[in-house]
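These numbers come from a predicted model, not from an experiment.
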Amino acid sequence: MVRETLLSLTLILSLISCSKSQETTKSMVKKSSTDKIEKTDEEWKKELTDEEYYVLREKGTERAFTGDLWDNHEEGTYYCAACQTKLFSSKTKFESGTGWPSFYEPINEENVEIVKDTSFGMVREEVVCARCGGHLGHVFNDGPEPTGLRYCINSVSLDFEKDDK
């Protein structure tokens with residue numbers, strides 16, 4: 001009877017172990033698409049320019065019509081300036097008249113996070129990079145179809161790579 005109990009316990013523990021192993025593998029695969037980057041403020045300060053640090057890490061905003069990408073009309077991909085995660089395609093960029101690059105949708109919704117922002121006495125939806133947590137801008141419900149959204153993004157939060165043709 002002791003032997004049967006030990007065999008039963010061994011079988012149960014093996015099943016639990018396999019189940020946990022599959023859960024771990026699934027979560028590792030899921031996380032690998034947006035491997036989180038965590039750095040200290042000092043590390044970020046060494047890697048980013050003063051303006052990039054101000055916007056991406058301190059949630060600042062560049063002045064309208066001053067960024068190098070607000071009036072960019074080339075075809076290509078926009079990346080997070082801090083961690084190089086793909087964020088937006090030029091195919092979804094549109095002229096909003098606001099002075100910041102505007103897009104109606106991200107390349108992949110998993111690459112951005114939307115966070116409630118109640119700063120300055122307003123309620124807005126902040127857009128942050130899902131990988132590094134960098135502040136990108138805000139999203140509003142006054143964009144064009146097909147989404148009706150306007151992702152209003154700071155140029156300094158972005159790097160642009162032109163498509164090869």
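Side-chain contacts under 4.5 Å among hydrophobic residues (ILVMFWY), followed directly or transitively, place Phe120 together with Met122. Val156 belongs to a hydrophobic cluster with Tyr54, Val55, counting contacts under 4.5 Å between side-chain heavy atoms of Ile, Leu, Val, Met, Phe, Trp and Tyr, direct or through other members.
Between Phe88 and Phe103, the distance separating the two ring centers is shorter than 6.0 angstrom. Between Tyr53 and Trp44, the distance separating the two ring centers is not shorter than 6.0 angstrom.
A pairwise comparison of heavy atoms in Ala81 and Leu48 identifies O-CD2, 4.3 Å as the closest pair. Summarising the geometry of Cys80 relative to Asp159, their closest heavy-atom pair is O-OD2, 4.3 Å, with the distance given to 0.1 Å. When all heavy atoms of Phe140 and Arg124 are compared, the closest pair comes out as CE2-CD, 4.3 Å. Heavy atoms only, all atoms of each residue included: Gly97 and Phe65 are closest at O-CZ, 3.6 Å. Closest of all the heavy-atom pairs between Arg150 and Ser96 is CD-CB, 3.8 Å. Pairing each heavy atom of Tyr79 with each of Lys86, the nearest pair is CE2-CG, 3.3 Å.
In this structure, the separation between CD on Glu161 and CD on Gln84 is 8.5 Å, given to the nearest 0.5 Å. Rounding to the nearest 0.5 Å places CG of Asp35 at 6.0 Å from CZ of Arg131. Of the inter-residue distances, the one linking Arg63 atom CZ with Asn154 atom CG reads 12.5 Å to the nearest 0.5 angstrom. Atom-to-atom distance recorded for Lys93:NZ and Glu74:CD is 10.5 Å, nearest 0.5 angstrom. We find the OG-CD distance between Ser155 and Glu62 to be 4.5 Å, quoted to the nearest 0.5 Å. The SG atom of Cys83 sits 4.5 Å away from the CD1 atom of Ile37 when rounded to the nearest 0.5 Å.
One hydrophobic cluster holds both Val139 and Leu158 under the rule that ILVMFWY side chains link at heavy-atom gaps under 4.5 Å.
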For this session: Any chance you could lay out the side chain to side chain contact (heavy atoms under 4.5 Å, CB included) test for Tyr151 and Ile114, step after step, and finish with the verdict?
Result: CA-CA 11 Å; Tyr151 289 82; Ile114 307 302; 4.2 Å; yes

For this session: In sequence, state the C-alpha distance, the side-chain angles, and the governing distance for Ile107 and Tyr78, and then conclude on side chain to side chain contact (heavy atoms under 4.5 Å, CB included).
Result: CA-CA 9 Å; Ile107 284 179; Tyr78 294 85; over 6 Å; no

For this session: Go through the steps for Val112 and Leu136 under the test side chain to side chain contact (heavy atoms under 4.5 Å, CB included), then give the verdict.
Result: CA-CA 9 Å; Val112 297; Leu136 303 171; 4.2 Å; yes

For this session: Could you walk me through whether Ser89 and Thr77 pass side chain to side chain contact (heavy atoms under 4.5 Å, CB included), step by step?
Result: CA-CA 5 Å; Ser89 167; Thr77 304; 5.6 Å; no

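Between His138 and Asp117, some side-chain heavy-atom pair lies under the 4.5 Å cut-off. Using a 4.5 Å heavy-atom threshold, the side chains of Ile153 and Trp100 count as separate.
Side chains of Glu126 and His135: a donor-acceptor N/O pair is present below 3.5 angstrom, by distance only.
Glu109 CD: 12 or fewer foreign heavy atoms inside a 6.0 Å radius. Counting non-hydrogen atoms of other residues, nucleotides and ligands closer than 6.0 Å to CG of Asp50 gives a total of 12 or fewer.
We find that Arg57 and Glu42 are not joined by a salt bridge, their nearest charged nitrogen and carboxylate oxygen being 4.0 Å or further apart. Ionic pairing of Glu75 and Lys91 is not present here: no N-O contact between side-chain nitrogen and carboxylate oxygen is shorter than 4.0 angstrom.
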